[in-house]
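I have placed the structure first, in the form of structure tokens, so that the comments after it can refer back to it.
Quick caveat, the model's predicted, so the values are computed rather than measured. Values below: every heavy atom of this structure, side chains too, minus hydrogens, waters and symmetry copies. Order of appearance sets the numbers: ligands from 1, and atoms from 1 within every ligand.
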Amino acid sequence: MKLVGRLAALAACVPQGARIADIGTDHAYLPIELVKKDIVAFAVAGDVHNGPYKAAKEHVEDLSLEGKISVRLGDGLAVLSPLEVDTVVIAGMGGQTIIEILKNQCEIVRSLKRLILQPMVGAATVRRWLCANDWYVLEEQLVQEEGRLYEIIVAEQGDSPSYEPVMYEIGQKLWDEKSPLLLLHIDQLISQAKRIVSEMECSSNAKRSLKYHEYVTRLKQLEDKRRCL
Ligand SMILES: C[S@@+](CC[C@H](N)C(=O)[O-])C[C@H]1O[C@@H](n2cnc3c(N)ncnc32)[C@H](O)[C@@H]1O
């Protein structure tokens, strides 16, 4: 199966010769593609649930790739030993889950060169976590697949500049590079913020909260950025 769209874009972020782990691998599509294309010689495919783990194992065995892809059952980075891999992909999960996975295995995280992350929601939280934990965003991409927009964040170890708050929402690299999908991305962020603000406006308690004022400010900042495009 040839990868397209989101998974193909994730595969393109993996450096030639990297030793990778795909955490939350599901069917192991990504490591299989990377090994078949000789981009990587070795990969770990990890998943915490039995169903995806078995699917990944069967898929790898069907293709006789057991010598190159080690399929492991376990929570997050706990399936790895330090220095076993230098690049970790965590894709298709919520931003908070991705952060929990990284926080739970600090020693492994410190031994990595590159993180390739694709949060389904909460990309801003992931960007803030990276910047606060000695990772900088090297590259970002927007990928559209079947009508949905996905954000891919590639980070490496090192000091990060601090960004104006709205750039954690938008993605500074996406803004700087004026991705063709940037306008759609900002429009989606504006719609989400508007929805939350109008929901909060139904409750006088919510309207008095700090969160409400944060969302109103965020909405205004996003609208200001959109006008600059
Ligand atoms: C929606 S799938 C994404 C599959 C693939 N990474 C992709 O991007 O297409 C999410 C996968 O993450 C796995 N998962 C969720 N939490 C996990 C954790 N803490 N450690 C490892 N795998 C996890 C789930 O079992 C599921 O197979």
Side-chain angles (χ1 to χ4, degrees), residues 1-15 18-37 39-40 42-63 65 68-82 84-112 114-123 125-127 129-130 133 139-155 171 181 185:
M1 185 189 132
K2 192 179 172 313
L3 297 189
V4 292
R6 181 184 63 90
L7 285 174
L10 285 166
C13 298
V14 176
R19 293 173 66 81
I20 72 137
D22 181 29
I23 300 299
T25 196
D26 204 352
H27 286 77
Y29 291 134
L30 185 69
I32 286 172
E33 171 88 349
L34 291 167
V35 162
K36 275 174 44 183
K37 282 196 169 162
I39 293 167
V40 307
F42 169 78
V44 174
D47 208 289
V48 74
H49 292 121
N50 243 309
Y53 163 74
K54 281 189 182 152
K57 206 163 170 54
E58 274 168 27
H59 202 179
V60 166
E61 285 168 3
D62 285 349
L63 296 164
L65 289 175
K68 292 183 171 182
I69 302 176
S70 169
V71 183
R72 300 179 190 172
L73 178 65
D75 188 0
L77 304 175
V79 297
L80 300 172
S81 16
E84 193 179 14
V85 302
D86 54 35
T87 300
V88 160
V89 181
I90 313 177
M93 293 178 216
Q96 202 49 51
T97 306
I98 291 176
I99 292 170
E100 290 307 316
I101 287 174
L102 297 173
K103 273 178 22 186
N104 286 346
Q105 297 290 332
C106 300
E107 195 193 343
I108 301 281
V109 171
R110 269 196 298 274
S111 75
L112 301 172
R114 179 173 286 203
L115 293 171
I116 302 169
L117 309 175
Q118 185 263 300
M120 300 299 285
V121 291
T125 320
V126 172
R127 291 187 186 99
W129 187 90
L130 290 169
N133 288 278
E139 178 188 323
E140 291 190 273
Q141 272 185 61
L142 288 170
V143 181
Q144 197 171 24
E145 191 177 298
E146 291 176 2
R148 183 165 179 166
L149 210 51
Y150 298 94
E151 292 165 81
I152 297 176
I153 302 170
V154 180
L181 294 167
H185 173 49

Any nitrogen or oxygen of [X], main chain or side chain, under 3.5 Å from a nitrogen or oxygen of ligand 1?
{"X": "Ile23", "value": "no"}
{"X": "Ala91", "value": "yes"}
{"X": "Asp22", "value": "no"}
{"X": "Asp47", "value": "yes"}

Trace of the salt bridge (charged side-chain N to carboxylate O under 4.0 Å, His left out) decision for Glu33 with Lys36: CA-CA 5 Å; Glu33 171 88 349; Lys36 275 174 44 183; 5.7 Å; no
Beyond-backbone contact of Ile90 with Leu102, side-chain heavy atoms, under 4.5 angstrom: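 Side-chain contact under 4.5 Å: yes.
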At what distance is the nearest protein heavy atom to [atom], and which residue and atom is it?
{"atom": "atom 19 (N) of ligand 1", "result": "Asp75 OD1, 2.8 Å"}
{"atom": "atom 11 (C) of ligand 1", "result": "Gly24 O, 3.7 Å"}
{"atom": "atom 17 (C) of ligand 1", "result": "Val48 CG1, 3.5 Å"}
{"atom": "atom 15 (C) of ligand 1", "result": "Met93 SD, 3.9 Å"}
{"atom": "atom 20 (N) of ligand 1", "result": "Gly76 N, 2.8 Å"}
{"atom": "atom 10 (C) of ligand 1", "result": "Gly92 O, 3.9 Å"}

Can you see which heavy atom on [X] is nearest to which on [Y], and at what distance?
{"X": "Arg114", "Y": "Cys13", "value": "NH1-O, 2.8 Å"}
{"X": "Leu80", "Y": "Val85", "value": "CD1-CG2, 3.9 Å"}
{"X": "Ala123", "Y": "Ile153", "value": "O-CD1, 4.1 Å"}
{"X": "Ile69", "Y": "Ala45", "value": "CG2-CB, 4.0 Å"}
{"X": "Glu145", "Y": "Val4", "value": "OE1-O, 3.7 Å"}
{"X": "Gly76", "Y": "Ile101", "value": "CA-CG2, 3.8 Å"}

Val40, Asp22, Val154 screened by side chain to side chain contact (heavy atoms under 4.5 Å, CB included) with Val14, the one that passes: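 That would be Val40; it is the only one of Val40, Asp22, Val154 passing the side chain to side chain contact (heavy atoms under 4.5 Å, CB included) with Val14.
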Atom indices of ligand 1, in the order listed, that fall short of 4.0 Å to a heavy atom of [X]:
{"X": "Pro52", "answer": "25 (O), 27 (O)"}
{"X": "Ile101", "answer": "18 (C), 19 (N)"}
{"X": "His49", "answer": "24 (C), 25 (O)"}

Close approach, Gly51 and ligand 1, non-hydrogen under 4.0 angstrom: no
Sub-4.0 Å heavy-atom approach of Arg6 to ligand 1: yes
Residue portion contacting ligand 1 (non-hydrogen atoms closer than 4.0 Å) for Leu30: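 Within the 4.0 Å criterion, Leu30 makes no contact with ligand 1.
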Contact partition for Glu100 relative to ligand 1, non-hydrogen atoms under 4.0 Å: neither
Donor-acceptor contact present, side-chain Asp47 to main-chain Asp26, <3.5 Å: yes
Matching residue for Glu151 among Gln141, Gln118, Arg127 - test: side-chain hydrogen bond (donor to acceptor under 3.5 Å, both in side chains): Arg127
